[in-house]
Each structure stands twice: as C-alpha cells, then as structure tokens.
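Counting starts at 1 for both ligands and their atoms, in listed order.
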Amino acid sequence: MPTPLLPNSRRLRRPAPTRRALLAGGAAAIGAAALGGCNQLDRAGEAPSFRQFLASAEGLTQGSQRALLRGQPLAREYPEADISKAFKANGTTAPDSLSYYTMSSNGFADWRLEVGGLVRTKLSLSLAEIQAMPSRTQITRHDCVEGWSCIGKWKGPALADVLDIAGLQSEARFIVFGCADVMEPGLTGDIYYYESIDLFDAFHPQTILAHEMNDKALPIAHGAPLRLRVERQLGYKSAKYLMKIDVVDSFAALGEGKGGYWEDRGYEWYAGI
Ligand SMILES: Nc1nc2c(c(=O)[nH]1)N[C@H]1C(S)=C(S)[C@@H](COP(=O)(O)O)O[C@H]1N2
Ligand SMILES: [Mo]
C-alpha cells in the first residue's frame with residue numbers, strides 16, 4: 001500500500017528531484033515529517049549554522065545534541081514475510097580488479113576496513129573484528145533512484161559504534177566511504193565509487209555496516225564483504241564494497257566535489273526518501 005510522499009525538500013531548501021516521484025511509496029516519509037524540528041530551525045533563519053553546528057563533532061560532544069540525534073525517526077521496518085524473494089543487484093555487481101578477486105577468493109581474510117581522517121585513533125578492522133561487534137538487524141525497503149524497491153534484511157554494527165571507537169575530532173562534519181569498485185578510468189587515475197553522509201545520518205541507529213543480508217554472508221553482488229546501509233535515503237547512498245571510512249570537514253576536494261560518485265554526475269547529495 002503506497003504511503004503518500006511527504007515533502008522533505010525544506011530540509012535542503014531546494015525542490016525535491018522529480019525522479020522521486022517515480023518511487024512507489026515513501027516508507028521513510030515519516031522520517032521527513034518528524035525532522036520538523038530541524039525544519040523549524042531552518043525557517044527561524046538561524047538554521048544553516050545551527051544545524052551545521054549540531055551535525056558537527058563539536059556539537060555532538062554536548063549531551064543535548066546526542067539526545068537530538070537519538071531522537072531521529074526511524075525508517076519503516078518490515079516483517080520477515082515481506083522480504084523480497086529476489087533482491088535486485090544494481091550498479092557494480094562484482095568489482096573487476098585483481099585485488100578484489102584475490103580478497104574474495106580468500107574469504108576476505110586479508111580485507112581491512114581503514115578508518116581515518118579527523119579521528120583520534122585510526123583503525124584497521126578485519127572482517128572478523130567487525131563481525132564480533134554488537135550488531136543491529138533490520139528489515140528495510142531499498143529504493144533505487146531508477147524507480148524499483150526491494151525489501152531485505154541487513155545485519156551489522158552501527159556506524160556510530162565504529163566512529164565512537166575511533167573518536168571524532170571536533171572539526172568532523174562528514175563521513176566519506178571509499179569503495180573497491182572502479183567506475184571508470186579518469187585523467188588522473190581510476191575513479192572509484194564513493195559516498196558521503198553527514199553526522200545526523202552517521203549516528204542514526206539504522207545506519208549500519210552490513211556484513212549479512214537475509215541471514216547469510218553479504219553476497220558479492222550486494223557489496224561483500226561490507227556495505228553501508230543508510231535507510232532514509234535512496235539506494236545510491238548505501239555504498240557497497242567498503243574499503244575505507246574517512247572523517248572529513250569538507251568533501252570539496254574529493255572527485256568533482258559533490259560528495260559522491262553519482263552526486264558528481266548530477267544526483268542530489270541529500271537523497272531523502
Ligand atoms: N560501491 C558501489 N556501491 C553502490 C553502487 C555501486 O555501483 N558501487 N550502486 C548503488 C546503487 S545505485 C544502488 S541502487 C545500490 C544497489 O545495491 P544492491 O546491488 O544491493 O541492490 O547500491 C548502491 N551502492
Ligand atoms: Mo540505485
């Protein structure tokens with residue numbers, strides 16, 4: 001049953017892209033509605049700077065801001081019976097490089113997730129270490145910008161837990177995800193898939209690093225060994241084939257400066273559903 005889409009473009013202060021109209025429904029639309037607090041701040045005029053402050057590590061060190069992050073609405077979760085029989089695989093479905101092939105043929109025993117940038121402690125986590133962390137399991141609907149949706153079950157540690165272990169420096173504003181798959185050759189080298197989110201989404205309880213899909217190890221087609229799940233935004237934000245997490249104060253110097261591979265090619269950076 002399609003839920004009416006609620007306008008959430010005020011959060012961005014620009015019109016929602018028409019491609020969103022392609023989507024069958026707005027499971028996470030409640031999310032947009034309950035973010036009203038932030039919208040009101042926006043309307044009060046102090047908004048951009050205040051919201052930016054809240055979404056900065058400096059803001060996060062203050063207890064009330066942490067509480068605000070905890071109070072963020074959840075994307076809708078579904079019962080087991082709703083899990084899609086066949087979850088479409090999209091974009092890269094097998095990174096085409098010797099290094100990825102070598103890692104995957106060894107069960108990803110040599111794969112590491114590098115966490116760096118504006119952190120207090122850099123991390124290099126093995127898959128076993130990530131699997132041993134406390135995890136969250138969620139059955140959510142993935143909405144692709146192309147207009148299809150599938151429901152899947154995802155399990156993995158909260159991104160917030162990984163960021164808490166590394167510890168954010170006060171300048172931290174965005175989390176950048178570097179992937180193993182090359183999208184195209186570039187003038188100065190291969191262009192890899194990458195994505196970025198702000199600290200509101202990074203500390204959202206449903207933002208997880210998934211190593212399992214539908215009770216099995218994450219398949220290669222869906223991003224093995226580890227992918228991001230950002231449940232209140234369109235599918236392209238949920239980066240597959242994670243290799244590194246970088247904490248930054250700006251993504252202007254990366255790629256074309258728009259915060260992601262598809263953003264650099266015209267998609268919205270904030271792809272709220
Ligand atoms: N590394 C990487 N992540 C990616 C992509 C990609 O091509 N490479 N495609 C994105 C898009 S557009 C979608 S819809 C989803 C697809 O995830 P799925 O294959 O599990 O359906 O992954 C997203 N994350
Ligand atoms: Mo997509």
Next item on the list: Decide whether an N or O pair under 3.5 Å exists between N90 and ligand 1.
Entry: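 Yes; the residue has a nitrogen or oxygen that sits under 3.5 Å from a nitrogen or oxygen of the ligand.
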Item checked: Side chain, backbone, both or neither: the part of H142 lying under 4.0 Å from ligand 1 by heavy atom ->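 For H142, the contact with ligand 1 is made by the side chain alone.
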For [X], counting its heavy atoms only, list the atoms of ligand 1 lying under 4.0 Å from any of them.
X: W148; answer: 14 (S), 21 (O)
X: H222; answer: 18 (P), 19 (O), 20 (O), 21 (O)
X: C179; answer: 1 (N)
X: F87; answer: 20 (O), 21 (O)
X: A221; answer: 19 (O)
X: G91; answer: 7 (O)
X: Y241; answer: 1 (N)
X: S238; answer: 22 (O), 23 (C), 24 (N)

Check: What's the verdict on ring-ring contact (aromatic ring centres under 6.0 Å, His included) for Y236 and W269, showing C-alpha distance, side-chain angles and the deciding distance?
Finding: CA-CA 10 Å; Y236 62 85; W269 177 77; over 10 Å; no
Closest protein heavy atom (residue, atom, distance) for [atom]:
atom: atom 3 (N) of ligand 1; result: K240 N, 2.9 Å
atom: atom 7 (O) of ligand 1; result: T92 N, 2.9 Å
atom: atom 11 (C) of ligand 1; result: Y236 CA, 3.8 Å
atom: atom 17 (O) of ligand 1; result: R227 NH2, 3.2 Å
atom: atom 21 (O) of ligand 1; result: K88 O, 2.6 Å
atom: atom 23 (C) of ligand 1; result: G235 O, 3.3 Å
atom: atom 8 (N) of ligand 1; result: D181 OD2, 2.7 Å

Side chains of [X] and [Y]: closer than 4.5 Å at any heavy-atom pair?
X: V248; Y: I175; answer: no
X: W262; Y: Y194; answer: no
X: E114; Y: I245; answer: no

Margin query: Here's one to test your reading of the geometry: is the NZ or CZ of R265 within 45 degrees of the ring axis of Y261 and under 6.0 Å from its centre?
Written below: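 Yes, a cation-pi geometry holds between R265 and Y261.
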As an exercise, state the distance from [atom1] of [X] to [atom2] of [Y], rounded to the nearest 0.5 Å.
X: Y193; Y: D181; atom1: OH; atom2: CG; result: 8.0 Å
X: K153; Y: T140; atom1: NZ; atom2: OG1; result: 12.0 Å
X: Y192; Y: T92; atom1: OH; atom2: OG1; result: 12.0 Å

Margin query: For R227 and H211, which I'm curious about, is there any donor-acceptor pair between the side chains at under 3.5 Å?
Written below: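 Side chains of R227 and H211: no pair found under 3.5 Å.
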Next item on the list: Say whether E77 and Q206, considering side chains only, have a donor N or O and an acceptor N or O under 3.5 Å apart.
Entry: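 The answer is yes; a qualifying pair exists.
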Checklist line | Within-shell test, E146 vs ligand 1, heavy atom, strictly < 4.0 Å | finding: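 The answer is no, since E146 has no heavy atom less than 4.0 Å from ligand 1.
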Check: Stepwise, does the salt bridge (charged side-chain N to carboxylate O under 4.0 Å, His left out) test hold for R232 with D201?
Finding: CA-CA 8 Å; R232 299 178 305 168; D201 272 318; 2.7 Å; yes
Next item on the list: For the residue pair F87 and H222, categorise the inter-ring angle as parallel (less than 30°), tilted (30 to 60°) or perpendicular (more than 60°).
Entry: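 Answer is perpendicular, since the angle exceeds 60°.
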Check: Between the candidates Y192, F177, Y193, W262, which shows the shortest non-hydrogen contact distance to atom 5 (C) of ligand 1?
Finding: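 It is Y193 whose heavy atom sits nearest to atom 5 (C) of ligand 1.
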